[in-house]
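Worksheet: one structure, shown below.
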Amino acid sequence: MLALEARDLTVSARIGAATVPAIRALSFQLAPGKILGLVGESGAGKTMVGRAIAQLLPPGFAITAGALLFEGEDLLTMAPARRRALLGRAIAFIPQAPMTALNPVLTIGAQFDEHLARLGLKSRNARRERAIAMLTAAHLPRAEDLLTQYPHQLSGGMCQRALIALAFAGNPRLVVADEPTTALDVTMHPPILHLIAEMQRQHGTAVIFITHDLRLAAQLCDDVIVMYAGRAVESGPARTVFATPAHPYTRCLQLANPAMSAERRTLYVLPDQMPSLVQLQHIAGCHFAPRCPLVTAECHREEPPQVAVTAVHTVTCIRAADTFGISTAGRSFGPPALLEQPLLRVENLSKHFAISRGLFGAARTVAAVNDVSFTIAENEFVALVGESGSGKSTIARLLVGLEQPSSGRIVFDGADLTTPSLRNRTRRAASLQMVFQDPQSALNPRRPIASIVTQAMEAGSRHASAEDRLKRTKELLAEMGMPADIAARLPGQLSGGQRQRINIARALCRVPKVLIADEIVSGLDVSIQAQLLSLLARLRAELGFAMLFISHDLSVVRHLCSRVLVMYRGEIVEQGPVEEVFGNPQHPHTQALLSSVPPDEPGATWPLLRAN
C-alpha cells in the first residue's frame, strides 16, 4: 500500500472575482520507506503541498479538485476528527525555522511531554523515557539535561535536531520536511540529512523533502518533482532527472547554481521571476514560456502535454530534446589584485564582550574576534567564511564602526580609523558601506524606494536637492536592472530579490571603495542568487569597488571571490587564493566546511551523508 498518493490535486485561490489554480492537477505516488523531493523556486507550490496535507491552507485558498490518499484513505473527504488524529501521530512535520517552530516559553521536555501525551502515552515516566530516547537517537549530547532547557538556550542545529526527534517520536508513517536545513550552517547539513535518512530507514517512514537545493535533493531523495507555478514540470528518479534534465526550467536552475569543483563559468540568469497568481491569469500556453530560452510561438498557444522521457521519467515540454543544449560560457577573471598596496588593512584586531552570570555572579570575558589580521586591495573581492558564532559579523560591525575594537587597528587608504571621531565617522560613511543580510528588516517599511536608495545624500553637509536625488535614484535603479517606476513603491510591495537589490543600491549610492556584504544571498532562490551575483560582478567592472563577502555558501564564494579567509572561534585559521584553499585545505575546520558541500555531479557519492 502506498504511504501517500495525490491524484490530480488542485488547490485554488480567489483573486478578485476569479479562481486561480495555485497547484494544478498534481499527481504522484510515495511508497513507504521512500523520500520524494519537491524542488523549485519560491512560489512554485512546494510548501502548499504540505499545507494541503495538513489542511492548513492560507485564507482564500481551498482544495477544489482531486484526491489526496494517505494509506488508501482520502484526507480530503475523511471526517475532521479522524484527520486530526492522524496529524502529529501518523503524519508529522519538520518546519523550516526551528527557533520559531518551538514554543519559546516551554522547555524541550515540556514540549515532548505535551506531544507524547497527545499521542496517547499515559505515563509521565514513559513520556520522559521516550523523549530521552528520541533525543539520544538524534545524536544530541546529554539528552536528559536538554529536557530542562528552553529553545533559546540551544543552537539552531540543536533545535532542528530536537524538532526531528519530536517529529519521529510517534513513529509516523509520513513526514513532511519543509526546507529543514536552509537556516543552518553548512556543516550542519550532512548530520541533519543523515539523521532524517537514518530515522526514515529505521521506521520505514515515507518522507516528502521540500528544498530549493538541487544538489541536496540529488543526494537524499529517491524521486523528485520539479515544480513551476503550481505544476509538476518534470518528475522521476532524482539522480536521473538531475543528470539528464529534460525540462528547460530544471536545466536553467542547474546552470544558475555555482559549481564547486568544475570549471568556473558564467551563471545562467533566469529573466524576471516566478509569476504571481495574478500574473498567471494572463499567461496563455506554457507558464514558463516568458522565461524560457527555448521558447517558440507554439509554446504561447497551449499548455504542453506531459510526455514520457523514459518509463519512469516524465516532462511537460515540447522542446525536451533540446534542453541539454542550454549552456553558459566559462567565466574569465580579471588580473589579480595588487596585494602589496592594500586599500584596507586590519592589524591584530580583537573584540571582547563581557558576559554577565546573573545578579551576583562575576562577569566573564568572551573573545568574539581574537588577533585577526588581513588586507583587501582595490577592486578585490575577498570572502569571509565560517560557522555561525565564529566572529564574521562582528568583524563586519567593527569595520563599519558599529562596534569598537578592544585592541588592534583598522587602516583604510593610509588613515587609521580605529579611534572614534567625527572625522573617522565621515571617512567611513564615504568609503565603507554595509549591505545587511535581511533586507526585510534593513529597509524602512514606511519610506518609498527613492528615499531609501538616496538616504546617504540627505545628511548634514551631504544634503542634496530633490532634483539631484531623483536623478541619482534613476541611475541607481538602472544600475540594479530595475524599472524606474519602482521608485514610488514601498519595500513591502517588492519581492525578496528586489528588496536585496535596493539594499545594495542604498550602499552604492555614494560609490564606496569597500562594500561589506553580510550573507546577502543567504536563503534566496538560486535564480535570484544568480541575478545578484551577476549584478555584483557587473557593478565592480563598471564602478570599481572592493568587497568583503561574508557567506556560508562555499560554491558562491568560489564563483565570486579571488581570496578567502576562514574563521573558526574568533580567529582566521586559514587564508589564501580561493582555488588553492579549496583545492588543498590545510586546517581541519576548512576541510570540514568543504566536505559539507554536496558534490556537483548527481551520481557522485557524498560520503558525509552516509557516515555514521
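Only a predicted model underlies this, so the values are computations on that prediction, with no experimental measurement involved.
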[X] side chain to [Y] main-chain N or O, any donor-acceptor pair under 3.5 Å?
X      : Y      : result
Arg251 : Ile326 : yes
Thr10  : Ala65  : no
Arg51  : Leu56  : yes
Arg499 : Leu494 : yes
Asp600 : Ser261 : yes
Gln279 : Ser276 : yes
Arg239 : Pro602 : yes
Arg24  : Gly230 : no
Glu73  : Phe70  : no
Asp525 : Ser527 : no

Checklist entry - Checking side-chain contact (heavy atoms from CB on, under 4.5 Å) for the pair Thr211/Lys46: CA distance, chi angles, key distance, verdict? => result CA-CA 8 Å; Thr211 184; Lys46 308 184 302 294; over 6 Å; no
Heavy-atom pair with the smallest gap, counting every atom of [X] and [Y]:
X      : Y      : value
Ser534 : Val269 : OG-CG2, 3.4 Å
Tyr268 : Ala256 : O-CB, 3.3 Å
Pro172 : Thr205 : O-OG1, 2.9 Å
Thr323 : Pro245 : CG2-O, 3.5 Å
Pro598 : Leu216 : CG-CD2, 3.5 Å
Gln200 : Val207 : CG-CG2, 3.8 Å

Nearest 0.5 angstrom please: [X] [atom1] to [Y] [atom2], how far?
X      : Y      : atom1 : atom2 : result
Leu68  : Ile63  : CG    : CD1   : 6.5 Å
Ile53  : Leu4   : CD1   : CG    : 5.0 Å
Leu554 : Met260 : CG    : CE    : 5.0 Å
Ile504 : Leu515 : CD1   : CG    : 7.5 Å
Arg215 : Leu220 : CZ    : CG    : 15.0 Å
Asp518 : Phe549 : CG    : CZ    : 10.0 Å

Checklist entry - Going through the distances and angles, do His212 and Glu179 end up as a side-chain hydrogen bond (donor to acceptor under 3.5 Å, both in side chains)? => result CA-CA 8 Å; His212 65 267; Glu179 300 276 12; 3.2 Å; yes
Show me the donor-acceptor pairs, under 3.5 Å and distance only, between side chains in residues 25-35 and residues at least two apart or in other chains.
from  : atom 1 : to   : atom 2 : distance (Å)
Ser27 : OG     : Asp8 : N      : 2.8
Ser27 : OG     : Asp8 : OD1    : 3.3
Gln29 : NE2    : Glu5 : OE2    : 3.3

Checklist entry - Is it true that Phe288 and His247 have ring centroids separated by less than 6.0 Å? => result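 Judged by ring-centre distance (under 6.0 Å), Phe288 and His247 do meet the cut-off.
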Item to check | Glu579/Arg264 salt bridge by N-O under 4.0 Å criterion | outcome: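 Salt bridge between Arg264 and Glu579, a charged N being under 4.0 Å from a carboxylate O: yes.
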Checklist entry - Can a salt bridge be assigned to the pair Glu479 and Arg538 using a cut-off of 4.0 Å between side-chain N and carboxylate O? => result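 Not counted as a salt bridge, because no side-chain N and carboxylate O are separated by less than 4.0 Å.
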In residues 311-318, what donor-acceptor pairs under 3.5 Å come from side-chain atoms, sequence neighbours left out?
from   : atom 1 : to     : atom 2 : distance (Å)
His313 : NE2    : Glu234 : OE2    : 2.6
Thr314 : OG1    : Ser235 : OG     : 2.8
Thr316 : OG1    : Val233 : O      : 3.3

Side chains of [X] and [Y] in contact at under 4.5 Å (non-hydrogen atoms):
X      : Y      : result
Phe61  : Leu277 : yes
Arg265 : His559 : no
Val39  : Met227 : no
Arg7   : Leu69  : yes
Gln531 : Leu533 : no
Phe93  : Leu163 : no
Glu71  : Leu174 : no
Arg231 : Pro304 : yes

Checklist entry - Residues in ring-ring contact (aromatic ring centres under 6.0 Å, His included) with Phe381, at least two apart? => result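 Testing Phe381 for ring-ring contact (aromatic ring centres under 6.0 Å, His included), a comparison that skips the adjacent residues, returns Phe545.
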Any donor-acceptor N or O pair under 3.5 Å, side chains [X], [Y]:
X      : Y      : answer
His552 : Glu519 : yes
Gln55  : Arg84  : no
Asp553 : Ser555 : yes

Next on the checklist: Do Arg291 and Tyr249 form a cation-pi contact, if we require the NZ or CZ to be under 6.0 Å from the six-membered ring centre and within 45 degrees of the ring's axis?
Outcome noted: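 Not satisfied by the 6.0 Å and 45° rule.
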Item to check | From CA spacing to verdict: side-chain contact (heavy atoms from CB on, under 4.5 Å), Arg446, Leu490 | outcome: CA-CA 7 Å; Arg446 298 184 179 182; Leu490 297 174; 5.8 Å; no
Next on the checklist: side-chain contact (heavy atoms from CB on, under 4.5 Å) for Met480 and Leu539? Distances and angles first, verdict last.
Outcome noted: CA-CA 9 Å; Met480 296 297 124; Leu539 291 175; 3.5 Å; yes
Next on the checklist: Leu532 vs Leu535, test: side-chain contact (heavy atoms from CB on, under 4.5 Å). Steps then yes/no.
Outcome noted: CA-CA 5 Å; Leu532 289 175; Leu535 172 67; 4.3 Å; yes
Checklist entry - Yes or no on side-chain hydrogen bond (donor to acceptor under 3.5 Å, both in side chains) for Thr19 and Arg14, after CA distance, side-chain angles and deciding distance? => result CA-CA 5 Å; Thr19 300; Arg14 293 288 299 176; 2.8 Å; yes
